[in-house]
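Numbering of residues begins at 1 and proceeds along the displayed sequence. Heavy-atom basis, side chains included; hydrogens, waters and symmetry copies ignored. Numbering of ligands and ligand atoms starts at 1, following listing order.
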Amino acid sequence: MSDFSSAQQRHAALSAEIEAHNRLYYTQDAPTITDFEYDRLMQALLALESEHPSLLTSASPSQRVGSAPRDEFTQIRHEKPMLSLSNGFNDDDIFEFDRRLHKELGQPEETVFDYVAEPKLDGLAVSVLYENGQFKYAATRGDGKVGEDITQNVKTIRSLPLSLPAGAPDRLEVRGEVFMSHAGFSKLNAAQADAEKKVFVNPRNAAAGSLRQLDSKITASRPLDIFIYSLGVISDETFAMTHFDTLERLGALGFPICPLRERVTGAQGCLDYFSSLSKRRSALDYEIDGIVYKLDRLDWQRAAGFIAKAPRWALAHKFPAQEKSTIVRDIEVQVGRTGAITPVARLEPLFVGGVTVSNVTLHNQSEIARLGIRVGDTVVVRRAGDVIPQIVSVNLDKRAANSVAYEFPTACPVCGSGILVEGEGVIARCSGGLSCAAQVKQAIKHFVSRKAMDIDGMGDKIVDVLVDDKRIGDVADLYALSFEQIVSLEGFADKSAQNLIESIAKSRHTELPRLLYALGIPQVGESTAEQLANTFGSMDALADANVDRLESLPDIGPIVADNIVRFFDQDSNRLVIQSLFDRGVTYDEIDIADLPDPDSLPMAGKTIVLTGTLSSLSRSDAKKKLQALGAKVTGSVSKKTDMVIVGSDAGSKAAKAEELGIDMLDEDALLALIEA
Ligand code: IVH
């Protein structure tokens with residue numbers, strides 16, 4: 001036998017073995033080998049494929065690890081539209097659904113229909129096509145007619161077969177729901193938080209975010225699962241006569257099918273299933289938001305047909321959002337990395353929607369005002385399909401006579417610095433910056449992170465210990481740490497302490513964008529830091545920039561500009577920056593010789609007001625252009641205003657300008673001014 005054909009045989013055998021283990025592990029929950037042994041099989045497969053690239057077909061189990069990132073998703077037109085479901089909310093809706101179907105099918109009342117009841121999974125619908133037993137492509141639902149090609153991503157879901165056993169229809173399109181289990185969701189979020197990446201609000205969002213990744217390697221790392229619940233196109237008309245048998249046959253072909261499906265009798269059977277599953281809902285390891293009832297006989301399904309975008313033969317019976325009452329023990333505020341202050345209601349713990357809730361975010365000051373909530377109040381907590389519980393209302397009848405209105409703190413509970421409120425009570429921030437103890441740990445963790453100063457080996461736990469032991473109090477103290485201080489920490493030996501000292505030393509010389517990003521100025525991310533560095537060239541120049549100058553930059557709006565100015569206004573922040581430099585931090589200066597002196601700009605010192613609608617550019621673009629010319633753009637007309645730009649439909653500001661005799665320019669004149 002040639003070298004290649006023996007490799008081919010080994011490849012086929014290994015593929016089959018790996019897929020069998022995938023089924024045991026992901027579909028049947030009954031693995032027979034250890035993860036280590038599984039990895040060895042996969043390594044052997046990858047080795048064969050790298051030696052003989054022609055063995056790497058699109059149905060190889062190695063494809064489950066993801067492939068190179070793409071620029072965008074291409075579109076796939078569904079041969080059969082992907083429909084949605086009509087909803088029912090109470091018993092009457094279910095009886096009515098059953099009655100209507102009888103009428104539609106010309107069946108007497110006495111005929112009792114069989115239905116299949118299955119959980120309504122809260123994830124994302126996908127369609128997967130198999131041709132000649134091989135995984136061909138997978139698409140999202142999209143608008144029902146055209147979806148996005150997510151083939152590479154769906155291939156990474158290991159419970160889904162890549163090839164089907166002999167006897168499968170030549171063309172078989174299956175449809176189902178991709179979801180994330182609660183366990184997988186918690187693990188993913190813990191890992192995301194550790195890596196200081198975005199945490200997801202609920203399993204559905206996590207599944208959606210994971211599935212719509214242009215880089216399928218990311219999808220491969222996410223704990224996604226799928227249950228198949230229906231067919232799209234199929235070449236074999238005789239595949240099954242009922243929906244129940246369709247699911248059985250799909251299960252026999254290796255597809256993961258929800259084990260909770262049941263054939264039930266009549267509308268009452270549906271309702272019995274609903275109440276029994278409602279009780280088990282909280283014990284399930286995945287989110288469901290209702291029950292789907294489907295008429296079992298496929299010939300009757302075909303006869304009943306569709307209305308608009310949903311079949312007449314199916315109904316989604318939605319679970320009501322759960323609401324329960326409890327008492328607010330306290331309202332506290334938490335301080336985040338950039339000083340964001342978030343009020344949290346501490347509740348008398350209650351069990352609602354399947355979870356115990358004892359803390360609920362109140363988001364911000366204006367939400368507190370909207371609810372009118374006070375400590376001691378009895379409140380209604382709702383937990384709907386999503387995971388985050390919320391307070392929906394206050395029961396004023398139960399309010400104690402001696403209750404007092406809640407006052408939002410004006411000083412940071414940790415460091416005592418003033419709290420600044422922006423955006424009509426939507427954003428509150430501790431102004432203590434890098435000197436606030438609550439922010440210190442978070443700020444240091446951000447400072448050392450990979451995209452910031454990139455201090456390798458300085459993990460979260462080490463930062464916690466260093467701060468708790470008062471060995472460091474701000475980011476500059478990192479550069480004063482000695483070998484002795486580090487080696488005396490638990491878990492450190494000479495070598496590891498030396499390595500960390502070297503990483504710290506290595507980070508001393510950096511680039512300005514990194515250093516700016518590392519400072520953790522509120523809302524200054526990597527790209528803003530880059531822009532600031534390229535515009536100002538040095539820390540000093542940026543520290544001296546005023547709001548108008550900052551706002552004139554393309555990606556910087558009034559809030560970010562204000563954040564930057566406030567940050568550098570804080571003495572504590574300036575001190576920390578100075579001590580960074582004193583302790584040897586340096587960066588490459590950026591040559592910005594082209595930057596004009598702000599006083600020499602053509603409109604320096606001019607105050608301008610924009611009013612009315614402009615047709616060729618937005619007001620904010622016009623504002624930026626004027627600011628780039630050195631003008632100050634304000635919102636109201638006064639004696640100090642030098643010029644008013646009047647668009648169409650201008651109102652009182654134009655009238656006021658006229659009254660005060662201020663120069664008025666129309667849009668053409670404005671454009672001429674900008675051009676000049
Ligand atoms: S059947 C023509 N079965 O619910 C039938 N859908 O609200 C189409 N869904 O887009 C769907 N679990 O994403 C069906 N057991 C289940 C389902 C289910 C969840 C989703 C599906 C659909 C949406 C409609």
Side-chain angles (χ1 to χ4, degrees), residues 78-89 93-94 97 101 104 115-128 138-148 150 154 157 159-160 173-181 202-205 207-208 211-212 224-234 240 242-248 250-251 255-264 270 273-274 277-278 280-281 284-298 300-319 384-386:
H78 300 299
E79 278 182 54
K80 271 193 170 183
M82 284 182 81
L83 301 166
S84 70
L85 295 166
S86 309
N87 291 325
F89 299 94
D93 292 345
I94 313 312
F97 159 70
L101 259 184
E104 211 68 56
Y115 291 99
V116 176
E118 18 181 291
K120 185 170 188 310
L121 306 152
D122 199 9
L124 282 103
V126 296
S127 188
V128 188
T140 60
R141 176 164 175 242
D143 63 3
K145 296 195 188 89
V146 180
E148 284 174 325
I150 48 165
V154 172
I157 304 174
S159 58
L160 198 64
E173 185 181 28
V174 294
R175 287 173 176 175
E177 198 87 349
V178 173
F179 61 93
M180 196 177 283
S181 68
N202 59 39
R204 206 199 96 85
N205 284 6
L211 207 52
R212 289 196 78 264
L224 291 175
D225 216 326
I226 188 170
F227 280 142
I228 298 301
Y229 50 61
S230 72
L231 287 177
V233 290
I234 181 161
T242 62
H243 178 63
F244 195 80
D245 289 346
T246 305
L247 296 181
E248 295 296 298
L250 288 174
F255 289 104
I257 313 291
C258 180
L260 299 170
R261 66 188 179 281
E262 239 173 67
R263 191 183 249 144
V264 298
C270 292
Y273 180 93
F274 184 87
L277 209 77
S278 297
R280 292 175 60 191
R281 178 183 176 194
L284 299 179
D285 190 31
Y286 43 86
E287 263 320 288
I288 66 175
D289 56 353
I291 305 294
V292 186
Y293 310 124
K294 298 173 184 171
L295 186 61
D296 195 29
R297 269 177 65 166
L298 298 182
W300 278 353
Q301 284 193 4
R302 281 187 285 272
F306 306 91
I307 26 158
K309 282 187 181 156
R312 283 204 184 83
W313 44 263
L315 187 74
H317 188 174
K318 302 291 278 278
F319 291 132
D386 339 56

Whether Lys294 lies under 4.0 Å from ligand 1, heavy atom: yes

Rounded distance [0.5 Å steps], CG in Asp296 versus NE2 in His243: 7.5 Å

Best match, Leu83, Ile257, Leu85, Asn87: closest heavy atom to atom 10 (O) of ligand 1: Leu83

Parallel, tilted or perpendicular: ring planes of Phe97 versus Tyr115, cut at 30 and 60 degrees: tilted

Heavy atom of the protein closest to atom 20 (C) of ligand 1 (residue, atom name, distance): Glu177 OE1, 3.4 Å

Where ligand 1 meets Ala125 - atom numbers and elements under 4.0 angstrom, heavy-atom basis: 13 (O)

Closest protein heavy atom (residue, atom, distance) for atom 4 (O) of ligand 1: Lys120 NZ, 3.1 Å

Top protein contact for atom 11 (C) of ligand 1, by heavy-atom distance: Tyr229 CE1, 3.8 Å

Under-4.0 Å heavy-atom contact with ligand 1, by part of Pro119 that carries it: backbone

Pro311 touching ligand 1 at heavy-atom level, < 4.0 angstrom: yes

Candidate pair Asp93 and His317, rule side-chain contact (heavy atoms from CB on, under 4.5 Å), full reasoning: CA-CA 8 Å; Asp93 292 345; His317 188 174; over 6 Å; no

Ligand-residue contact atoms, ligand 1 with Val292, heavy atoms, under 4.0 Å: 15 (N), 16 (C), 17 (C)

Set of residues satisfying side chain to side chain contact (heavy atoms under 4.5 Å, CB included) with respect to Val233, sequence neighbours excluded: Glu79, Lys80, Leu129, Arg171, Glu173

CA sep, side-chain torsions, deciding dist, call: Phe179, Phe227, ring pair (Phe, Tyr, Trp, His ring centres under 6.0 Å): CA-CA 8 Å; Phe179 61 93; Phe227 280 142; 5.2 Å; yes

Interatomic spacing from CG in Asp245 to CZ in Arg297 - rounded to 0.5 Å: 12.5 Å

